[in-house]
Amino acid sequence: MSADYSRLPPHTVPCHYKVRLEPDFNTFGFKGRVDIIVEVTEATDTLVLNANNLTITDLKVKKSSVIVESDESDDHLSSQKAESSKKRAAIVKDIKEEEKEVEKDADEANEKEPSSKKRGAKKDQSVTPPRPKRRRGRSDGVLQVDGSGQDTDTDAEVEDKVEQLDGSIRLTDSSEEEIHSDKLSLDTWTVVDTKYSPLEIKSYEVLAKQEVILITLPDQVSPCSLLLSISYSGTLDDSMRGFYRTSHMVSGVKKWGAACHFEATGARKCFPCFDQPEFRSTYDMSVVRPDPGMEVLSNMPVLATDGNLVTFQRTPPIPSYLMCVVVGWYSALAQRSLTGTPVCVYTPQGETCQGEYALNMAVKSLDYFKEFFGLGYTLPKMDMVAVPDFYIGAMENWGLLTFRETALLFHPSEGTVRSKQYVSILVAHEIAHQWFGNLVSIEWWDQLWLKEGFATWISFLAVDKMCPQFDIWSEFLVGERILALNLDCLATSHPIEIPDGVKNPGQIDEIFDEISYSKGASIINMLYHWIGETHFKAGLGLYLSKYRGGSASTEQLWAAIAESSSQPVVRVMEDWTKVQGFPIVYVELGDDGLVKFRQENFTKGTDMTMWMVPLKISFTIDKGEKQEKDFLLEETEAELELGVGDKDWMVVNLGQTSFCRVSYSQPLLDRLCSDISLLGVRDRVGLLSDVMARVESGRDGGGVVVGVVQQFTG
């Protein structure tokens with residue numbers, strides 16, 4: 001394996017995890033055990049998965065053997081009925097005996113002291129993984145195993161026309177000729193049970209720099225299903241990454257808890273895993289409660305409590321970075337949305353009044369997004385937790401949203417309007433991710449903007465609908481669009497998408513910046529206003545329904561919106577994400593009511609990129625009523641006949657919805673300034689910002705700014 005950090009091999013795909021965590025606040029450490037069902041899709045003698053700052057105490061690999069049944073009743077199968085029945089009886093007996101021994105060994109493994117020695121394969125100590133869903137055989141004689149589901153057939157319900165498959169999952173009672181002949185139709189065979197047999201390990205090694213465990217097998221294994229069982233220990237540090245400790249004040253006494261922050265590569269600090277966003281797996285999570293007074297939360301509702309062990313329901317398939325566990329001292333308040341989803345806010349003990357506003361916003365947001373996306377929230381509950389020590393503003397863990405306390409709590413009598421807006425935006429942002437980012441995730445971190453830019457934009461749209469008194473789009477103009485314009489003209493900026501520049505955890509962290517969030521939100525806003533709400537919503541609905549439960553790319557989003565709107569969305573939008581910078585659009589009046597447009601890259605000395613710029617124009621003709629027109633600037637230079645005369649008024653980029661600067665000729669600028677009261681607040685701010693940018697870039701002198709500022713009176 002390369003000495004440098006690299007992505008995991010694509011031919012080892014995780015299907016299901018069973019994770020057990022046991023935090024210890026006396027030592028600030030935790031013990032863990034994870035069983036991972038993986039599908040190997042091509043022959044290999046190495047297995048690679050992620051781990052960071054974990055001490056591996058035991059590691060085993062097992063290979064699947066699959067039991068199948070046939071609905072066929074031909075003479076060939078019937079003649080083997082008695083023999084098959086005997087084989088199956090022996091297999092079922094072995095499985096039951098193994099389950100008992102596995103449970104016993106798992107309990108003993110949890111009591112073992114950590115060991116620094118590397119270990120080879122011994123008798124498996126894992127708990128029995130979920131049995132695979134039935135899946136029909138393929139025509140090449142290979143029966144696939146889906147380890148993410150459960151088969152609930154009892155012994156009595158299974159017919160006795162069964163055969164066991166070896167680890168390569170090929171039929172054992174037929175030759176290759178029979179498999180491919182008419183004598184045996186594989187469409188009549190289904191998987192009814194799975195048995196895992198120990199697989200020898202040549203060695204395993206934890207590579208700290210690459211953040212992986214490298215498992216070497218003595219021989220290649222053919223495509224099959226494997227079970228990895230790993231016992232380990234970790235540290236509850238104060239890094240606010242991975243699984244870390246949190247401090248709580250309880251009745252004046254400092255107590256300890258724990259929380260998770262896994263995005264982008266923190267899950268590997270909590271349990272060994274395939275820690276990349278394209279791998280979606282189901283999870284069975286269980287946590288040992290350290291103190292009976294502590295809350296223990298995870299993505300799904302509690303399934304069972306056995307003493308101090310809390311077990312949660314199985315998750316849908318999700319990426320590792322969206323898993324979460326919270327253990328701590330909290331008070332809670334709850335409410336159901338109109339669609340029936342239970343929503344709960346967890347606050348510091350005794351401060352539930354500060355969670356009421358966030359709860360109200362969350363319930364409204366769930367209902368709003370269901371209507372907007374045309375698809376309801378898909379998990380059985382949604383919790384939001386004010387974590388005492390948290391690295392960022394908030395995190396969208398599916399079903400268990402975590403927040404910095406200032407991002408979730410609002411004091412009803414002491415809170416400011418500013419903090420109320422902040423809580424509103426953050427709550428709406430994280431809930432939007434439950435669809436855009438969770439239901440459909442990204443393929444790799446170079447697509448980060450796709451979920452973050454979108455969630456940033458739609459959080460403002462939602463808050464504007466729910467709290468129109470905030471005039472939140474004016475906040476968007478200053479805090480997102482103008483901020484992004486000021487950054488994107490710098491040499492240190494970068495394109496929204498960086499296909500070759502996001503490879504290791506350090507590079508991933510670097511792109512969580514204003515370009516991904518604010519510029520991403522700004523170009524989504526531009527697209528929305530260009531094609532209109534109806535087509536935009538239809539495109540999102542198509543995108544979510546088509547890719548739900550999987551990952552998607554920017555191009556697939558553009559294609560879905562293009563299909564719904566019949567507009568050249570792909571052609572218009574591709575350069576906005578792939579090219580650094582933005583255009584400045586020059587506007588001047590020609591003869592006979594013609595308006596001339598010319599664009600260039602705002603950053604001087606850079607490439608001659610020509611963007612396709614959707615523009616909204618407001619104007620008067622013969623000093624009459626204001627009119628509006630949409631115009632797509634598709635070339636470096638263009639003309640548009642509007643009939644605007646020498647005495648008329650015109651503003652380009654109405655509402656400041658497009659991601660560009662506008663430079664008016666002096667006569668047009670003078671007319672705008674003389675009738676500045678006709679401009680809305682956002683257009684006045686945009687005009688002044690564009691003039692300042694022209695001066696700062698050396699295109700105009702300072703006198704231009706003075707002339708414009710003098711019109712801002714009263």
Side-chain (Ser459) to main-chain (Ala428) donor-acceptor, under 3.5 angstrom: no
Carboxylate-amine/guanidinium proximity below 4.0 Å for Asp237 and Lys269: yes
Side-chain donor or acceptor of Tyr232 paired with backbone N/O of Cys270 under 3.5 Å: yes
Verdict with reasoning, Gln434 to Glu396, per side chain to side chain donor-acceptor pair (under 3.5 Å): CA-CA 7 Å; Gln434 308 303 297; Glu396 69 267 19; over 6 Å; no
Side chain proximity check, Ile215 to Leu49, heavy atoms < 4.5 angstrom: yes
Row check, Tyr391 ring normal vs Arg241 NZ/CZ: under 6.0 Å, within 45°: yes
Note, Ile511 side chain near Ile498 side chain (heavy atom, < 4.5 Å): yes
Flag, side chain of Thr282 to backbone of Pro316, donor-acceptor distance under 3.5 Å: no
Side chain proximity check, Gln447 to Thr554, heavy atoms < 4.5 angstrom: yes
Thr402 versus Asn397, side-chain donor and acceptor atoms under 3.5 Å: yes
Polar contact flag, side-chain donor to acceptor under 3.5 angstrom, Ser516-Glu452: no
Ionic contact status for Asp291 with Arg289, cut-off 4.0 Å: no
Note, Ile230 side chain near Arg33 side chain (heavy atom, < 4.5 Å): no
side-chain contact (heavy atoms from CB on, under 4.5 Å) assessment of Val288 paired with Leu21: CA-CA 6 Å; Val288 176; Leu21 298 174; over 6 Å; no
Side-chain heavy atoms of Met384 within contact of Tyr346, under 4.5 Å: no
OG on Ser64 to CD1 on Ile37, rounded to 0.5 Å: 9.0 Å
Side chain to side chain, Val345 and Leu408, heavy atoms closer than 4.5 Å: yes
Atom pair CD (Gln210) and CG (Asn504), whose distance is rounded to the nearest 0.5 Å: 11.5 Å
CA sep, side-chain torsions, deciding dist, call: Trp457, Tyr517, ring-ring contact (aromatic ring centres under 6.0 Å, His included): CA-CA 9 Å; Trp457 170 77; Tyr517 284 72; over 10 Å; no
Full working for side-chain contact (heavy atoms from CB on, under 4.5 Å) between Trp398 and Leu439: CA-CA 9 Å; Trp398 209 353; Leu439 187 63; 4.2 Å; yes
Nearest heavy-atom neighbours spanning Leu426 and Ala394: CD1-CB, 3.7 Å
From CA spacing to verdict: side chain to side chain donor-acceptor pair (under 3.5 Å), Asp35, Ser229: CA-CA 4 Å; Asp35 298 308; Ser229 298; 2.8 Å; yes
Minimum side-chain heavy-atom gap Val38-Cys15 below 4.5 Å: no
Any donor-acceptor pair under 3.5 Å from Thr12 side chain to Leu47 backbone: no
Heavy-atom closest contact (Tyr377 atom, Gly399 atom, distance): OH-CA, 3.3 Å
Flag, side chain of Glu211 to backbone of Leu207, donor-acceptor distance under 3.5 Å: no
Derivation of the side-chain contact (heavy atoms from CB on, under 4.5 Å) call for Thr406 and Val423: CA-CA 8 Å; Thr406 55; Val423 170; over 6 Å; no
Polar side-chain atom of Asn438 near backbone of Ser441 as donor-acceptor pair, under 3.5 Å: no
Point-to-point distance, once rounded to the nearest 0.5 Å, from NZ of Lys31 to OG of Ser233: 8.5 Å
Straight-line distance of Leu359 CG to Met382 CE, nearest 0.5 Å: 8.5 Å
For the student: nearest non-hydrogen atoms of Arg7 and Gln276, plus distance: CA-OE1, 3.3 Å
cation_pi(Arg245, Phe28) dist<6.0 Å, angle<=45: yes
Side-chain donor/acceptor of Ser281 to backbone N/O of Pro14, under 3.5 Å: yes
Matching residue for Asp284 among Arg20, His16, Gln313, Lys18 - test: side chain to side chain donor-acceptor pair (under 3.5 Å): His16
Check: Asp306 side chain, Leu309 main-chain N or O, donor-acceptor pair, under 3.5 Å: no
Residue pair Ser553 / Trp444, side-chain donor-acceptor N/O under 3.5 Å: no
Interatomic spacing from CZ in Arg314 to CE in Met300 - rounded to 0.5 Å: 10.0 Å
Side chains of Asp488 and Ser493, donor plus acceptor under 3.5 Å: yes
Sidechain-backbone polar pair: Asn299 side chain, Leu322 backbone, donor-acceptor under 3.5 Å: yes
Side chain Gln354, main chain Glu351, donor-acceptor under 3.5 Å: no
Minimal non-hydrogen separation, Pro23 against Val287, with atom names: CD-CG1, 4.2 Å
Interatomic distance, Glu510 atom CD to Asp513 atom CG [nearest 0.5 angstrom]: 9.0 Å
Cut-off 3.5 Å, no hydrogens considered: what does the side-chain donor-acceptor table look like for residues 249-264, sequence neighbours left out?
| residue | atom | partner | partner atom | Å |
| --- | --- | --- | --- | --- |
| His261 | NE2 | Glu263 | O | 3.3 |
| Glu263 | OE2 | Lys451 | NZ | 2.6 |

Contact check, side chains of Phe274 and Ser320, non-hydrogen atoms, under 4.5 Å: no
Ion pair check, Lys63 and Glu200, cut-off under 4.0 Å: no
Nearest atoms (heavy-atom pairs only) where Thr44 meets Thr46: OG1-O, 3.0 Å
Cation-pi, Trp435 ring and Arg548 (6.0 angstrom, 45 degrees): no
Chi angles and distances behind the side-chain contact (heavy atoms from CB on, under 4.5 Å) call for Leu544, Phe436: CA-CA 8 Å; Leu544 290 172; Phe436 227 87; 4.2 Å; yes
For Phe30, the option from Tyr244, Phe271, Phe243 that meets ring-ring contact (aromatic ring centres under 6.0 Å, His included): Phe243
Smallest separation among heavy atoms of Ile431 and Ala362, with atom names: CD1-CA, 3.5 Å
